[in-house]
Amino acid sequence: MLAAAAVALATGCTAQAAGSAGAPSASSPATPPSAAASADSSASPSASPSGESSAEPSAEPSDDKPSGSPSSAAPTPQSKVLMKDGDESEQVRELQARLRQIGYFDRSPTAFYGSMTGGAVKAFQKKRELPQTGSVDEITWQKLLGMTRKPTADELKPSTTNKLDKPDPRCLTGRVLCISKESRTLAWMVDGKVLSSFDVRFGSENTPTREGTFKVDRKERTWKSTLYHTQMPYSMFFSRGQAVHYSADFAARGYAGASHGCVNVRDMSKLAEVFNQVKVGDKVVVHW
């Protein structure tokens, strides 16, 4: 079986059935959102400079602040933590979409609870005079439900281009394909400057895209997976069989599917331009 696995890694990857589009992480409690959220107010998003800023939005629905509850107060025993750093679930996706409605989260929901989500939650808690834990407990969640409406399908999984993260420090020098799992983006960077960027999709929980620092091993303008028998145009291999490449399935279905470990790109024309610029030996950084 070890030999079979090695062959699979060496022959490339392609799209598979719908599932988690990122690396596995700690599962979050499956606490369903309150049904009361569907009748709540609808506020236009007010984009903030970054998803992890503690700055307060200039416009959001008004609410009654609880009296006598200083921000330094400890959570009550009944205030169960529902979502926290490292969780990945559809409830986290809903959290991000609701925070975005009132200007605390300025990017497309990813369903992963990372530092940007934690910063947005902490800013929301500060405004409400709740304990600033950065995690979502029952009190924080109910407060958010009362101020927002049930997200639409497009709000949960928008088709618009994802916003880039702040670059990982490893991406700030040299020629780098800087790939963020949290924002689902790839930035082609040279000496710290972003020259081009894309939406990307990753492997599922069962076939995750490996994280770390790599180099482009080889480039293939036209390539067909010998394992899955599908086309992988503009492949830039960086970790055995895993590569950055164009995916027709990603272009058609978006995040409803996942790869078998490769980094899928859905904009073929932009990828073709970057393919011509990237050289064998250029750095590849895959990070959260």
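All residue numbers in this chain count up from 1 along the given sequence. The structure displayed is predicted, hence computed values, not measured ones. Worth knowing before you read on, the calculation uses all heavy atoms, side chains too, and leaves out hydrogens, waters and symmetry mates.
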side-chain contact (heavy atoms from CB on, under 4.5 Å) between E182 and S115: does it pass, once the steps are laid out?
-> CA-CA 9 Å; E182 183 163 359; S115 59; 4.2 Å; yes
Can you name the nearest heavy-atom pair linking V285 to C171, along with the distance?
-> CB-SG, 3.8 Å
Return the orientation label for the W223 and F237 ring planes: parallel under 30°, perpendicular over 60°, tilted otherwise.
-> perpendicular
Just by distance, do the side chain of K143 and the backbone of F124 share a donor-acceptor pair under 3.5 Å?
-> no
When you measure from the centre of the six-membered ring of F198, is the NZ or CZ of K270 under 6.0 Å away and within 45° of the axis?
-> yes
Measure the spacing between CG of L95 and OH of Y113 and express it to the nearest 0.5 Å.
-> 6.0 Å
Given side chains that start at C-beta, do those of P151 and R98 come closer than 4.5 Å, heavy atoms only?
-> yes
Pair S269, D267: side-chain N/O donor-acceptor within cut-off below 3.5 Å = yes
Using a 4.5 Å cut-off on heavy atoms from C-beta on, say whether the side chain of R184 contacts that of F202.
-> yes
Can you check whether N162's main-chain N or O pairs, donor with acceptor, with D199's side chain at less than 3.5 Å?
-> yes
Verify side-chain contact (heavy atoms from CB on, under 4.5 Å) between V286 and R210, making sure each step is shown before the conclusion.
-> CA-CA 7 Å; V286 183; R210 288 182 283 275; over 6 Å; no
Short question: side chain of Q125, backbone of S135 - any donor-acceptor pair under 3.5 Å?
-> yes
Side-chain touch L177/W188, heavy atoms, less than 4.5 angstrom | yes
E155 bridged to R149 by N-O distance under 4.0 Å = yes
Under 3.5 Å donor-acceptor, Y255 side chain and V200 backbone = yes
Check: Y234 and V274 side chains under 4.5 Å, non-hydrogen atoms | no
Shortest non-hydrogen contact from E90 toward A111 = OE2-CB, 4.4 Å
Give a yes or no answer on whether the side chain of K279 reaches the backbone of R175 with a donor-acceptor pair at less than 3.5 Å.
-> no
Are the side chains of Q96 and T117 in touch, meaning some heavy atoms are under 4.5 Å apart?
-> yes
Taking the side chain from T207 and the backbone from G203, do they hold a donor-acceptor pair closer than 3.5 Å?
-> no
Is any side-chain heavy atom of M116 less than 4.5 Å from a side-chain heavy atom of D165?
-> yes
Hey, does V190 have a side-chain heavy atom less than 4.5 Å from the side chain of Q277?
-> no
Side-chain donor-acceptor pair present, T209, Q242, cut-off under 3.5 Å = no
Spell out, as yes or no, whether a donor-acceptor pair under 3.5 Å connects the side chain of N276 to the backbone of E273.
-> no
Would you please test L144 and I102 for side-chain contact (heavy atoms from CB on, under 4.5 Å) and show each step?
-> CA-CA 10 Å; L144 181 61; I102 54 176; 3.9 Å; yes
Judged by atom type as modelled, is there a donor-acceptor pair below 3.5 Å linking the side chain of R201 to the main-chain atoms of G254?
-> yes
Close side-chain approach of E220 and M236, heavy atoms under 4.5 Å = no
Can you name the one residue among T185, V244, D168 that meets side-chain contact (heavy atoms from CB on, under 4.5 Å) with I179?
-> V244
Indicate, with yes or no, if V278 and M268 share a hydrophobic cluster defined by side-chain heavy-atom contacts under 4.5 Å among Ile, Leu, Val, Met, Phe, Trp and Tyr.
-> yes
